[in-house]
Amino acid sequence: MSLRLALRRARHLSTAAAEAETTAAKIVNISGAKKRLRKVYDPDEALKVYSSFSTADDASAPPASARHIQELAVRRLAKSRRFSDIEAFLESNKSKPQITEEPFVSSLIKSYGVAGMIDNALATYNQMADFGTPRSTLSFNALLLACINSKAYDRVPIFFNAFSEKFGLVPDKFSYGMLIKAHCEMESPEKAKETLSEMEKKGVEVGAVSFSTVLHALYKIGRVDEAEAFWNEMVKEKGIKLDAGSYNVRLSHIRDNPESLKALIEEMQNEGINPDPISYNYLITSYCVNGMMNEAEKVYADLLQAKGVRPNAATYRTMVFHSCKEGRYVKAYRIFKLSVKVGKIPDFNTLKYLVKGLTEKRRMVEAKAMVRTMNKKFPPDLLKAWEKLADELGLTRDGTEEAGASKVEKAEVDASKVEKVGADSGVESEKAST
DNA sequence: CGAATTTATG
């Protein structure tokens, strides 16, 4: 008997070891690396995943995916403010043979942008002559994007003019799109509008994105009348092709009136444009803050049934928060469970609100289940605060591992029930017992 | 698979 057990255990251990070895040392497969990076929050681990992957295949893999993984790793490092590591890592790529390929250099430039290191991005762009890398709008746009990601908006028009002239590059709709974004961020919609006219003059297509960027900027600085006139001008006179994003900009500025929101969503459907999750989130939020929880729930329920649209993480967060606010904690808990199932879990503060509410309502089973679930799901930086919260609420015992402890706790709960028949505040006795 | 846009922080 014990031999069989031992054998089984040995086999189990060896598979586990083999698995650990494959994940740590070699990830040949790209989607595997991506999956793993999404879960790995330690920047060193992220770097290891990236380098094991990038050394594993030099030329064979689709380079676009590899570059995406590089940006993910840089993002993780930047979050921990490990800028010298980022520099060392990205600079080391400059000795690789692919440095003569423009997409490869562009990826380095964009990665520096993601890290907020705009001077390194610019230096890399200037080095391209030394590398012998050809220039096109690809690297030009990468540099502009790096400025935007670094929030160095004032540099965008400077680089835009200087480098397009110096290297004889013809800006495309993406270049112009980023120039427009920069002007909008610097609160000068006039210049953004001028850029739009320049695009028309040069025969570059003005699409929904560029248009929506300017529209949003106008609303944001409170020029509502001008925004509406701009919509009429561009849509009715110039026949711009709209998308859900354009309508979402308008929806975002109808806050207090759920009926108007609903009407505008119907209008977009009549125009043949499908509302996206963001559109529905505006409607749901508006119902919630105007005390129309049942209507909000109906939109949410329809969204779960609908084909082609899914609730996103913000949908679950809004529904959980406002259900809690209305005291509907069990309903909120059900929504939370679904969000876990689909991997779109609300943020820490929302879940804090929920677990506190469940505890106050004496829904201990649900509260403890929640603590256990999130112990597995939260990244390390949030896990500490979560464990502290669970401790304060007296939820650290999960009631299954230690039978004795859970019995004692159960007895205490029952006692408090008997003590205060009809009273609904069990919070104090809970605090006292911990 | 991807270049530029748009939510809510209660």
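Note on naming: letters A, B, ... go to the chains in the order of the sequence lines (proteins, then strands), and numbering restarts at 1 for each one.
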Stacking between B/dA3 and A/Phe174, yes or no? Criterion: centroid separation under 5.5 angstrom, plane angle under 30 degrees.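 Stacking is present between B/dA3 and A/Phe174, given that their ring centres fall under 5.5 Å apart and the planes under 30°.
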
A/Phe321-B/dA8 aromatic stacking (under 5.5 Å, under 30°):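 Taking the rule of under 5.5 Å and under 30°, the ring of A/Phe321 does not stack on B/dA8.
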
Flag, side chain of [X] to backbone of [Y], donor-acceptor distance under 3.5 Å:
X	Y	value
A/Asn161	A/Pro157	yes
A/Ser92	A/Phe89	yes
A/Ser246	A/Ser212	no

What is the distance, rounded to the nearest whole Å, between atom [atom1] of [X] and atom [atom2] of [N]?
X	N	atom1	atom2	value
A/Lys241	B/dT5	NZ	P	20 Å
A/Ile180	B/dA3	CD1	C1'	15 Å
A/Ile265	B/dT7	CD1	P	15 Å
A/Tyr300	B/dT7	OH	C1'	17 Å
A/Phe211	B/dT6	CZ	P	14 Å
A/Leu138	B/dA4	CG	P	12 Å
A/Tyr247	B/dT5	OH	P	22 Å
A/Leu108	B/dA3	CG	C1'	16 Å

Would you please indicate if the ring centroids of A/Phe160 and A/Tyr176 are separated by under 6.0 Å?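 Yes, the ring centres sit under 6.0 Å apart.
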
Nearest to the side chain of [X], which nucleotide is it out of [options]?
X	options	answer
A/Arg317	B/dT7, B/dG10, B/dA4	B/dG10
A/Thr213	B/dA3, B/dT7, B/dT5	B/dT5
A/His216	B/dA3, B/dG10, B/dT7	B/dT7
A/Asn349	B/dT7, B/dG10, B/dA3	B/dG10
A/Asp172	B/dT6, B/dA3, B/dA8	B/dA3

Please classify the nucleic acid contact of A/Ser279 as base, sugar-phosphate, or nothing, using heavy-atom distances under 4.0 Å.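 Nothing: the residue A/Ser279, judged by heavy atoms under 4.0 Å, touches no strand.
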
So, OP1 or OP2 of B/dT9: does either fall under 4.0 Å of a side-chain N or O from A/Lys325?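 The answer is no; no side-chain N or O of A/Lys325 sits under 4.0 Å from OP1 or OP2.
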
What about A/Asn141: does its side chain form a donor-acceptor pair under 3.5 Å with the base of B/dA3?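 Such a pair exists between side chain and base.
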
Any donor-acceptor pair under 3.5 Å joining the side chain of A/Asn312 to the base of B/dT7?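 Flag set: donor-acceptor pair detected.
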
Among A/Phe348, A/Phe321, A/Phe336, A/Tyr333, exactly one meets ring-ring contact (aromatic ring centres under 6.0 Å, His included) together with A/Tyr353. Which residue is that?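 Testing A/Tyr353 for a ring-ring contact (aromatic ring centres under 6.0 Å, His included) against A/Phe348, A/Phe321, A/Phe336, A/Tyr333 leaves exactly one candidate, A/Phe321.
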
